[in-house]
Amino acid sequence: MYKLSKAPLISAQQIDTRLESLAQELKAFDFDVILSALTGSYMFSADISRRIANPKLQIAFIKASSYGDSTESNGKVKISGLGDIDIKDKRILVIDDILDTGNTMKSLVESLAELGPASIKTCVLLNKESRRVVDCHADFVGFEIENKFVVGYGLDYANDYRTLPEIWTLEEV
Ligand code: IMP
Ligand code: MG
């Protein structure tokens, strides 16, 4: 059994303040398309994109799934959700909720690179640097956190807790 920590690890006010400064950093790059990795980054992507508020900035919510055929599984993932957005020659910002082992972000970036974008930068709300197992670093990080399992503000445990406006630690009881 798990329960939420007594107090949030990161309050809604702290998120708000950090997003404001992060948006200023991101504005300098003039991205064409945000690709938000579902589902965990939905709230972060919505809040950061409206602070960038560039009329020409497009957004798509993507999902990565492994190829079923093991002969194809050299870390590459199949990306769905791009719809009619063509990322060729575009400046891409990939957004995810959290960088943990780094496997998700690394395979996402490798697969997106094959679609010929002009550039790919990465942004995560949270970074657990101590958990990294593959060589992967985000260009933009909201908060550095310790090796604890966190939920809220989009992040889930078995699909629960996502809609909480702050970030909490999940503790075993
Ligand atoms: P990675 O591939 O190990 O970097 O894992 C990234 C994914 O694992 C994230 O997109 C999350 O969905 C999930 N994840 C990793 N750590 C946490 C956590 O503390 N809380 C909720 N989800 C997490
Ligand atoms: Mg996720």
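Order of listing sets the numbers, starting from 1, for every ligand and every atom in it.
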Ranking Leu155, Val150, Asn147, Asp96 by closest non-hydrogen atom to atom 20 (N) of ligand 1, top hit is Val150
Residue-ligand contact Gly102/ligand 1, heavy atom below 4.0 Å = yes
Enumerate the atoms of ligand 1 whose separation from the nearest heavy atom of Thr104 is less than 4.0 angstrom.
-> 1 (P), 2 (O), 5 (O), 6 (C)
Of Asp97, Thr39, Ile145, the one whose closest heavy atom lies nearest atom 10 (O) of ligand 1 is Asp97
OG1/Thr122 to CG/Asp96 distance, rounded to the nearest 0.5 angstrom?
-> 10.0 Å
Within the 6.0 Å centroid threshold, strictly below: Phe29 and Phe140 | yes
Return yes or no for this condition: an N or O of Met105 is under 3.5 Å from an N or O of ligand 1.
-> no
Option set Lys128, Lys148, Lys106, criterion heavy-atom distance to atom 16 (N) of ligand 1, minimum = Lys128
From CD1 (Ile95) to OG (Ser36), nearest 0.5 Å = 6.0 Å
Numbered atoms and elements of ligand 1 in range of Asn103, under 4.0 angstrom, heavy atoms | 2 (O), 4 (O)
Looking only at heavy atoms of Arg131, does any of them come nearer than 4.0 Å to an atom of ligand 1?
-> no
Decide yes or no for Leu26 and Ile48: does some side-chain heavy atom of the first lie under 4.5 Å from some side-chain heavy atom of the second?
-> yes
Which of the atoms of ligand 1 are close to Asp156, meaning less than 4.0 Å from one of its heavy atoms?
-> 21 (C)
List the steps and the verdict of salt bridge (Lys or Arg N to Asp or Glu O under 4.0 Å) for Asp16 and Arg51.
-> CA-CA 10 Å; Asp16 198 65; Arg51 283 181 169 85; 2.6 Å; yes
Does the pair Tyr2 and Tyr157 meet the rule for a ring pair (Phe, Tyr, Trp, His ring centres under 6.0 Å), with working shown?
-> CA-CA 9 Å; Tyr2 292 93; Tyr157 173 69; 4.9 Å; yes
